[in-house]
Amino acid sequence: MTKDHSAAAAEFNKDEARVNWHDETLWFVRSKRDKAVFQIPEWEQLREAGSQIKNHVLSNLHDYLTEFEKKATENGITVHWAADGKEHNEIIYSIIKNEGVNRMVKSKSMLTEECHLNDFLKEKGVEVIDSDLGERIVQMREEPPSHIVLPAIHLKKSDVGETFHQHLGTEKGATDPQYLTEAARQHLRDTFLTRKVALTGVNFAIAETGGFVVCTNEGNADMGAHLADVHIAAMGFEKIIPKAEHLGVFLRLLARSATGQPITTFSSHFHKPREGQKMHIVIVDNGRTTQLGRPDFRNSLKCIRCAACFNTCPVYRRSGGHSYHTAIAGPIGSILAPNLDMAQNADLPFASTLCGSCSNVCPVKIDIHEQLYKWRQVLVQDGHVSSIKSIGIKSMASVLNSPKFYRTAGKLGRFLMKTAPFMVNNNLNVWYNQREMPEVPKESFREWYLRRDVS
Ligand code: SF4
């Protein structure tokens with residue numbers, strides 16, 4: 001059974017030095033984002049524009065998706081529709097099979113992680129090589145990515161050196177990033193040159209033109225797609241934008257929010273297959289329609305996957321991406337995952353301090369922390385939290401509902417903490433496990449207030 005977030009985070013927290021380093025590295029990325037953002041005086045207007053365009057798209061999805069399908073088909077792209085992850089995987093497998101090959105190169109696509117495409121294709125005997133450097137590293141280690149933009153951010157140079165030593169035959173103990181990157185480059189170059197089918201994700205699909213844009217910093221999506229005879233693009237249906245002119249808003253928001261760059265190094269536009277090439281696009285629902293139908297959570301579909309909410313989140317930074325046990329970790333993943341499976345992901349909305357930093361940095365103004373709070377209410381009401389937690393919440397509600405009961409409980413609590421502290425400060429109290437308990441006050445605030453000298 002998958003460990004819940006707090007148990008997995010406790011595991012990650014055992015290596016304190018790593019936790020501190022992970023925390024500081026992500027905070028550094030967040031600080032770079034701040035610097036890039038402060039250079040644009042119209043940043044808030046840009047966020048507002050991005051948010052409004054996405055709101056408009058979510059209210060007119062049907063029109064924009066059918067317009068996109070029509071234009072893309074006219075451009076010579078084959079458009080497929082997948083209701084869920086299984087259909088997505090089967091469509092991609094059938095394309096690969098039709099080409100008579102059993103190997104594919106793939107650039108970063110969180111949608112394929114969400115649909116577990118690699119595992120599915122492996123079972124069918126298809127070898128998939130991830131071409132994004134971070135993705136390739138975690139793929140060699142048979143781990144999932146821990147971050148949507150920086151998939152191997154949980155690893156140190158020495159970890160990468162060891163992995164490359166095992167899989168690529170680099171020198172043992174090598175940690176020089178240039179040496180290691182060069183080894184990965186040579187390995188991937190051979191892959192690019194020999195794969196007939198390449199898969200990419202989609203950052204933005206443009207309804208007006210039937211084309212799509214893929215953003216990478218390594219140029220690996222381009223290398224794969226340009227050298228292959230068949231280009232498959234996998235896209236969640238929320239990636240649609242109405243017009244090409246809207247790209248200016250989103251490309252500026254995305255790169256600055258993700259890594260603090262003014263623009264992603266490669267923002268590649270694909271509009272039609274080149275001569276002799278085949279191009280497919282698979283448009284996927286996989287629970288998105290359900291989320292769209294939940295008024296409190298629908299605007300989570302505005303997400304452009306920049307990961308700014310990850311980098312700023314004090315819980316993510318100190319618990320690591322794998323503790324979220326879902327393809328998309330962090331604050332936004334904790335909103336998306338319960339939509340897919342409430343029982344399996346009921347722990348995630350609780351993996352937050354609700355400090356609101358995620359909502360403050362989100363480039364498309366998703367009210368992330370408010371949605372996390374709302375999910376908690378839904379999950380408690382639907383019986384998806386442990387009985388201890390739900391009994392605790394119900395008891396607390398009765399105490400807080402009655403002033404008399406509240407005062408008595410306060411007195412009793414102070415008495416117990418003074419005379420029998422072990423009744424409160426024990427291992428069953430998870431709050432106490434992580435903290436030093438404060439000294440017990442002699443009286444409550446109310447008692448002090450009533451007896452204070454006001455003369
Ligand atoms: S929710 Fe907002 S901040 Fe988080 S990844 Fe999506 S767009 Fe970025």
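Keep in mind that the numbers below use all heavy atoms, side chains included, and drop hydrogens, waters and symmetry copies. Every number for a ligand or one of its atoms is a count from 1 in the order of the listing.
Take His246 and apply the side chain to side chain contact (heavy atoms under 4.5 Å, CB included) test, not counting sequence neighbours, and it matches Ile53, Ile241, Pro242, Lys243, Phe250. Every residue meeting the salt bridge (Lys or Arg N to Asp or Glu O under 4.0 Å) condition with Asp34, not counting sequence neighbours, appears here in chain and number order: Arg30.
For ligand 1 and Ile368, the ligand atoms under 4.0 Å from any heavy atom of the residue are 1 (S).
The list of ring-ring contact (aromatic ring centres under 6.0 Å, His included) pairs with a residue in residues 332-379, not counting sequence neighbours, reads Phe297-Trp375.
Heavy-atom contacts from other residues, nucleotides or ligands closer than 6.0 Å to NZ of Lys374 number more than 12. The number of heavy-atom neighbours closer than 6.0 Å to NZ of Lys365, taken from other residues, nucleotides and ligands shown, is above 12.
Aromatic rings from His231 and Phe212 are positioned such that their centres are separated by under 6.0 Å.
Shown here are the protein N/O/S atoms lying under 2.8 Å from atom 8 (Fe) of ligand 1, water excluded: Cys306 SG.
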